[in-house]
Every structure is written in structure tokens, then in C-alpha cells.
Visitor: 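Okay, here's the structure, questions in a sec.
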Amino acid sequence: LADAISAADGGPIEALMISSGGGVHLEPSALERIGNLIARRQLAAITDIPARVFAGTGCVLAYSANIPENLGRLASFIDRILRGANPGELPFELPSKFDLAINAKAAKAIGLTIPTSILIRADRVIE
């Protein structure tokens with residue numbers, strides 16, 4: 001991660017897409033370094049890392065599945081398995097609730113205007 005951040009810091013990039021795909025877990029220090037890079041370079045950044053975790057670090061937009069909702073669904077599956085259900089016969093479920101966080105302060109700092117139609121849909125707006 002350090003090498004990737006260093007390479008991005010010196011390259012001709014204008015935006016970042018930061019994904020948690022593949023089960024990547026970013027430590028708070030890595031989030032802080034990425035946030036500093038975003039702020040210093042005035043980059044537009046979007047992520048699927050949980051909105052409540054990443055939106056405050058300088059990303060303009062964070063959109064992710066709602067973690068508490070998913071944990072509740074997980075508990076339901078565990079309960080069914082402990083009561084004797086065959087895990088292979090349980091239905092596969094996709095997330096049904098998502099969180100959208102907009103960092104209006106970060107957007108303004110890089111000259112982006114977030115449309116009102118997006119702002120009113122956000123679960124969280126950082127001013």
C-alpha cells in the first residue's frame with residue numbers, strides 16, 4: 001500500500017477509486033495516508049468502503065452496503081443453522097440496504113459541485 005500511495009502521489013492522476021474488493025482491510029493509518037494524499041493533491045475520490053468509516057477522510061463520496069443490516073441478516077442465518085438448517089440449502093442474499101455519504105467540504109475544496117438531487121439522497125453529508 002505504501003508503494004501504491006507513493007506512486008499515486010507522484011503520478012498524473014486526477015481521481016481515485018478505492019475499493020474494499022477481495023476483503024481488503026485498511027488500517028486507520030492507511031486510511032489517514034490515503035486521506036492526506038486526496039487532500040494534498042485535491043483529488044476526486046470515491047469508495048465502497050463503509051461510508052461511516054471512510055467518508056470523513058477526504059473522499060468526496062462513499063457508497064457501501066449497510067453493515068448493521070448485514071450483521072443482522074448474518075445473525076438470522078447463524079440462528080437457522082444452529083436450529084438445524086442445512087447451510088447449503090439456505091438462500092443466497094445480496095445486501096438490500098446501502099449507505100451514501102457525501103463529503104461536501106472535500107468536493108468544494110477541489111471545485112466540484114454535488115447536485116442537490118444527490119445530496120438529498122445521502123444518508124450523511126459532511127459540511
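All values below were derived from every heavy atom in this structure, side-chain atoms included, with hydrogens, water molecules and symmetry-related copies excluded.
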Visitor: Between the side chain of R121 and the main-chain N/O of S117, is any donor-acceptor distance below 3.5 Å?
Guide: yes
Visitor: Just how far is it from atom CD of E93 to atom CG of L74, taken to the nearest 0.5 Å?
Guide: 10.5 Å
Visitor: If I take atom CD1 from residue I78 and atom CG from residue L71, how far apart are they, to the nearest 0.5 angstrom?
Guide: 9.0 Å
Visitor: Return the OH to CG distance between Y63 and D123, rounded to the nearest 0.5 Å.
Guide: 9.0 Å
Visitor: Under a 4.5 Å cut-off applied to non-hydrogen side-chain atoms, are E69 and P95 in contact?
Guide: no
Visitor: If you measure from the Lys or Arg side-chain nitrogens to the Asp or Glu carboxylate oxygens, is any gap between K105 and E127 under 4.0 Å?
Guide: no
Visitor: Return the CG to CG distance between L100 and L61, rounded to the nearest 0.5 Å.
Guide: 5.0 Å
Visitor: Quick one: pull up CG in N66 and CG in D99 and give me the separation to the nearest 0.5 Å.
Guide: 4.0 Å
Visitor: Find the distance between CD1 (I102) and CD1 (I120) and round it off to the nearest 0.5 Å.
Guide: 11.5 Å
Visitor: Can R80 and L90 be said to form a side chain to side chain contact (heavy atoms under 4.5 Å, CB included), step by step?
Guide: CA-CA 9 Å; R80 290 164 66 183; L90 294 176; 3.3 Å; yes
Visitor: I114 and side-chain contact (heavy atoms from CB on, under 4.5 Å): which partner among N103, V60, V125?
Guide: V60
Visitor: Which residue in the set I118, L119, T113 passes side-chain contact (heavy atoms from CB on, under 4.5 Å) when paired with P115?
Guide: I118
